[in-house]
Visitor: 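Structure incoming, see below.
Numbered from 1 within each chain, the chains take letters A, B, ... in sequence-line order.
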Number of protein chains: 2
Amino acid sequence: MSTASLAFSGAGPIAATTRQRVHDAAAELGYAGPNPLGRQLRRGRSGIVGVVVGDALSRAFRDPVTTQVLDGLVGHLGTLDLGVLLIPSASGPTTTTIDPLLESAAMDVAVVMWGGAGDSPVLAGLARRGIPTVLIEGRLAPGVSVVGIDDRGGIEQVTRHLLDLGHTRIASVTLPFDHERRDGLMTSQRLADPAWEITRRRLAGIHDAGVTPVAVYETPASLVEHGATAGRVLLSGPDRPTAVVCQSDLLASGVVLAARELGLRVPQDVSIAGFDGIDLPWLAPDVLTTVVQPLTEKGATVGHLVEDILAGAEPEHRELPVTLRVGTTTGPAPS
Amino acid sequence: MSTASLAFSGAGPIAATTRQRVHDAAAELGYAGPNPLGRQLRRGRSGIVGVVVGDALSRAFRDPVTTQVLDGLVGHLGTLDLGVLLIPSASGPTTTTIDPLLESAAMDVAVVMWGGAGDSPVLAGLARRGIPTVLIEGRLAPGVSVVGIDDRGGIEQVTRHLLDLGHTRIASVTLPFDHERRDGLMTSQRLADPAWEITRRRLAGIHDAGVTPVAVYETPASLVEHGATAGRVLLSGPDRPTAVVCQSDLLASGVVLAARELGLRVPQDVSIAGFDGIDLPWLAPDVLTTVVQPLTEKGATVGHLVEDILAGAEPEHRELPVTLRVGTTTGPAPS
DNA sequence: CGAGACGGTCGAATCGATTTGAGGGACGAT
DNA sequence: ATCGTCCCTCAAATCGATTCGACCGTCTCG
């Protein structure tokens, strides 16, 4: 029945009386409105954006960075009547198993958060299915859109801030280097070449400022507890660094907690800086010195790219700016 | 082409040579595999479970309770090849606007988190579309499945724990009473009847223990900062309570921070208890006394109910147990 | 040697909404 | 009064995979 379609969609010209008649009949027959599947098949569009979260959801969701970007994305997609389908991707060390959803779920566009390495089986799978992809914080690649930030420049900026304060013994706590997600001080060999782009760039930022970290600690995930572990190791050894540059705010918070635990005053005894600019209400009265990235806007930007792609635009790369926010956790180097 | 279907699905009997021939032809034509929309239409199933989050995503995701349940749910649904579609539902005070996704997205079952009141337009909309619904922590209603916990009993238990420690002046910090989400001390009038089931039940638990709170503070959301605000008010007034029972761990953490801020020792000067049993690594060295609910299992239980519903089972109600975990934030009442 | 059984292949109908194009009715204008 | 136009209604084709049933070839057993 084509008239019924018009009656519900309200698209074509239709008499009010006819529409009413259709609606009455529908109610009588217990018809609950158009079946979305039919519409989607006809349109050739599912109205669904798959969001591939490159980590166990439990862990990814504990990071406000992920959730805030997701919020910005959902917010923008909502205005376009696009839904977000959550696709976990447990990319274990050697696991090549791809979530079946990635293989078979209907989606018009895919968004990959924490894309990691460029050779990811996730990206390969999406490419094979011919699904346009937007990457968040990944390596630039042909055919996919990428939204990133100037994290290298941001880290350089915060490192210079520490140099200006007179620090010379600077350590760093990093995000995972690769899917192995090790926990511990870095060997110079492994240090050479992180497989994960984000870790590599943020590490490079320190060198851009002309600094070679006195120690580098790799954590298995951006979580407070891992930051605390790192902090205990870095701050209790001999030749304690006077400043610690962390690749995320959660890690930095952990280091702050470890410092407090060890009886060190922040920032008198040790300066600690983070990255991301998330809310840390429980760190009060301290305010973390950090590089603020526009998280919600990042999500919204991804949404815009998705919109453009659906409108037929070419893949594109966008880089968002970051700003240094000086808080109370960094101060002059102890003399 | 029906043979092609068989070749890809591998379901029916098919000769290896034919399958190979089909695959070759597919590769040559640039055919990327079966279109999920066709399959879904034919099957009459979309393979999608809509998850309605009853709050702004940014806020909901900041609460580990939500994300952990979601993780448990996604984990179980993943084994069933079901995808999770995120549906925000900005239920403002008087807002009746329903997210268009709720009206038009394809989903086989809906899960409503933080369902709130039973008269929710969300539930009404789902019922009208005839979509089976699983409610998390909502009011029992005919036709919908509900997964809940014995929070009333849990609160009673933790209140008795405080009574045993000799406390008599007990205050409470609550979740929102309704969509107004007020922030402040409760008037006895409003206190009478919280519209939101979860708040009502947890409040009732205190009374079950034979206690009438000396003060009740309503917060606009389960977040650390709101707990801190509540703590500052409750703990700085005259006739300071010696114990505070909070309806969530995040709220309790905020109260702990407020107490520290005011120079009060926990638990010597004031005992503080929470609810949920989430990880609070940054509260160290304190361990929150709290009522632990099995969050991941709760999500998995919802997943099971979804599975059963898709298999044709009737709506069902499940209640999960809670356990009291005594930490370092409660102690004998000051004399 | 013939008939039945079986494995494999293919055609056609189906799921449900959309959309195009044709047809019919009513009203206004000449 | 008749023609033209406009507005509405409706039939039919389409999107793509699935599935039932028909058909054909071969193999086996009597």
Visitor: Can you see which heavy atom on B:P294 is nearest to which on B:P321, and at what distance?
Guide: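 Taking every non-hydrogen atom into account, CD-O, 3.3 Å.
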Visitor: Which nucleotide in the list C:dC15, C:dT19, C:dA17 gets nearest to the side chain of A:R43?
Guide: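 Per side-chain heavy atoms of A:R43, the pick is C:dT19.
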Visitor: Within this structure, what is the CZ-to-P distance between A:R45 and C:dA17, rounded to whole angstrom?
Guide: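 For the pair A:R45 CZ and C:dA17 P, the rounded distance is 21 Å.
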Visitor: Look at the side-chain N and O atoms of A:R39 and state whether any lies under 4.0 Å from the OP1 or OP2 oxygen of C:dT18.
Guide: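 For C:dT18, OP1 or OP2 has a side-chain N or O of A:R39 closer than 4.0 Å.
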Visitor: To the side chain of A:Y31, which of D:dT18, C:dA17, D:dC15 is closest?
Guide: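 Closest nucleotide to the A:Y31 side chain: C:dA17.
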Visitor: Is B:L37 touching bases, backbone alone, or none of the nucleic acid, heavy atoms closer than 4.0 Å?
Guide: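 It contacts nothing in the nucleic acid.
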Visitor: Taking all heavy atoms of A:M107 and all of A:I131, pick out the closest pair and write down the distance.
Guide: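 Result for this residue pair: CG-CD1, 3.8 Å.
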Visitor: Verify the distance criterion only: is there a donor paired with an acceptor across the side chains of A:S89 and A:D99 at less than 3.5 Å?
Guide: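 No pair is found: no donor N or O on one side chain lies under 3.5 Å from an acceptor on the other.
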Visitor: Using the rule given for side chain to side chain contact (heavy atoms under 4.5 Å, CB included), can you reason through B:R200 versus B:F177, listing the C-alpha separation, both sets of side-chain angles and the distance that settles it, and then say yes or no?
Guide: CA-CA 8 Å; B:R200 172 212 300 273; B:F177 269 46; over 6 Å; no
Visitor: Between D:dC15 atom C1' and A:R42 atom CZ, what is the distance in whole Å?
Guide: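 That distance rounds to 6 Å.
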Visitor: In whole Å, what is the span from the CD atom of A:Q40 to the P atom of C:dG16?
Guide: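 To the nearest whole Å, that distance equals 14 Å.
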Visitor: Rounded to whole Å, how long is the line connecting atom CG of B:L41 with atom P of D:dC15?
Guide: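 The distance from CG of B:L41 to P of D:dC15 comes to 14 Å, rounded to the nearest Å.
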